[in-house]
Amino acid sequence: MERSTAGWGSGLLGVIIFSGSLPATRVAVSDMSPLFVTSARAVIAALLGAFFLVVLRQSRPAREDVPSLAIVATGVVAGFPLLTGLALQHITAAHSVVFVGMLPLSTAIFGVLRGGERPKPAFWLFSTMGGAAIAGFALRSGGGGSGTGDLLMVAAIVLCGLGYAEGARLARRLGGWQVISWALLIALPIMALVAVAARPASWSGIGFSAWLGFGYVAVFSMMLGFVFWYRGLALGGIAGVGQLQLLQPFLGLVLAGVVLGETVGWPMIASAAFVILCVAGAKRFA
């Protein structure tokens, strides 16, 4: 019971941290390229992870764990940050967080594929309804959405779900913060080269708010959030703690409205709420 409680508390902290990722990314890419934000944030987080791995004398992962860590790196270190950064050049942060409501479903689907589970038919009914709601919102909503941005967000959610499921599987053996730290180190050589190549031509044109957003996604979204999130999944269970992701769209919508002053209309809120209900139903019958 104590492990479960600690897992839920840790997972909730992770979700709260992740909820600020999209608004912070939108602020950062206003003055920096998405490619630089993606790669540079990974470099900073990797250095933090390396520091903790060395100081706490963590053993290297087994050779058979390297492919799985590479999948985690592809999904959450490179894929999700880059695709969302590109998407936020076309859509608002408030629009993008509605897609985050699909994250639990994406994670569940990859959990099924990786774990060989057999969900009940009702699971696929709820998943189809949730996907249809997202598609309908993307097609009919105006002011803040675009076809390109919506497609990029869908791709980002797919890769993120893959990274979450693979990371949660590894966290039970390696530990939560160790998984993201090793994944970041695997990606470090490539990310460092990309960061150098994509660095801004002039640093003077980058405003304080952009630096603040970049700092948030580098330290909190890319490292600390995963420390709490993977620890929560390991202690409280993937199916249970994973439900906390359902809070992320609401928290993100609030942040986008309060911090960025973006319009959060009732259709957007209703769509997010309906998707959350569909995902909750799908998870119940998984």
Side-chain angles (χ1 to χ4, degrees), residues 8 11-26 80 84 87-88 90-111 119-147 149-158 160-161 164 221 225 229 232-233 236 238-286:
W8 277 82
L12 180 59
L13 285 175
V15 169
I16 291 173
I17 291 172
F18 290 150
S19 297
S21 298
L22 292 177
T25 299
R26 180 163 174 80
F80 184 77
T84 53
L88 288 168
H90 301 278
I91 61 178
T92 65
H95 183 90
S96 68
V97 295
V98 177
F99 289 86
V100 179
M102 296 180 68
L103 257 180
L105 178 58
S106 178
T107 304
I109 290 175
F110 282 109
K120 298 177 181 178
F123 171 88
W124 302 113
L125 174 62
F126 279 109
S127 67
T128 302
M129 290 170 59
I134 287 293
F137 172 79
L139 291 173
R140 296 183 181 182
S141 64
S146 77
D150 294 339
L151 288 175
L152 287 168
M153 281 303 304
V154 170
I157 294 303
V158 170
C160 190
Y164 277 175
S221 302
W229 180 241
L233 292 175
I238 298 173
V241 177
Q243 295 291 319
L244 291 171
Q245 292 179 100
L246 303 178
L247 299 174
Q248 193 167 333
F250 286 120
L251 294 172
L253 287 172
V254 171
L255 286 172
V258 174
V259 178
L260 301 180
E262 296 182 354
T263 301
V264 180
W266 284 109
M268 193 178 296
I269 296 174
S271 297
F274 182 75
V275 168
I276 286 174
L277 290 175
C278 290
V279 174
K283 291 291 288 183
R284 179 181 178 183
F285 293 102

Side-chain donor-acceptor contacts of residues 274-281 below 3.5 Å, not counting sequence neighbours, with atom names and distances?
none

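- The side-chain contact (heavy atoms from CB on, under 4.5 Å) check on S221 picks up S21, R41, Y216, V217, with sequence neighbours excluded.
- Legend: residues meeting side-chain contact (heavy atoms from CB on, under 4.5 Å) with I157, ordered by chain and number and at least two apart, are F80, F99, M102, L103, S106.
- The distance from atom CG of L12 to atom CH2 of W229, rounded to the nearest 0.5 Å, is 9.5 Å.
- Taking both residues in full, the closest heavy atoms of L88 and R26 are given as O-NH1, 2.8 Å, listed atom of the first, atom of the second, then distance.
- Atoms OH and CZ, on Y164 and F110 in that order, are 13.5 Å from each other to the nearest 0.5 Å.
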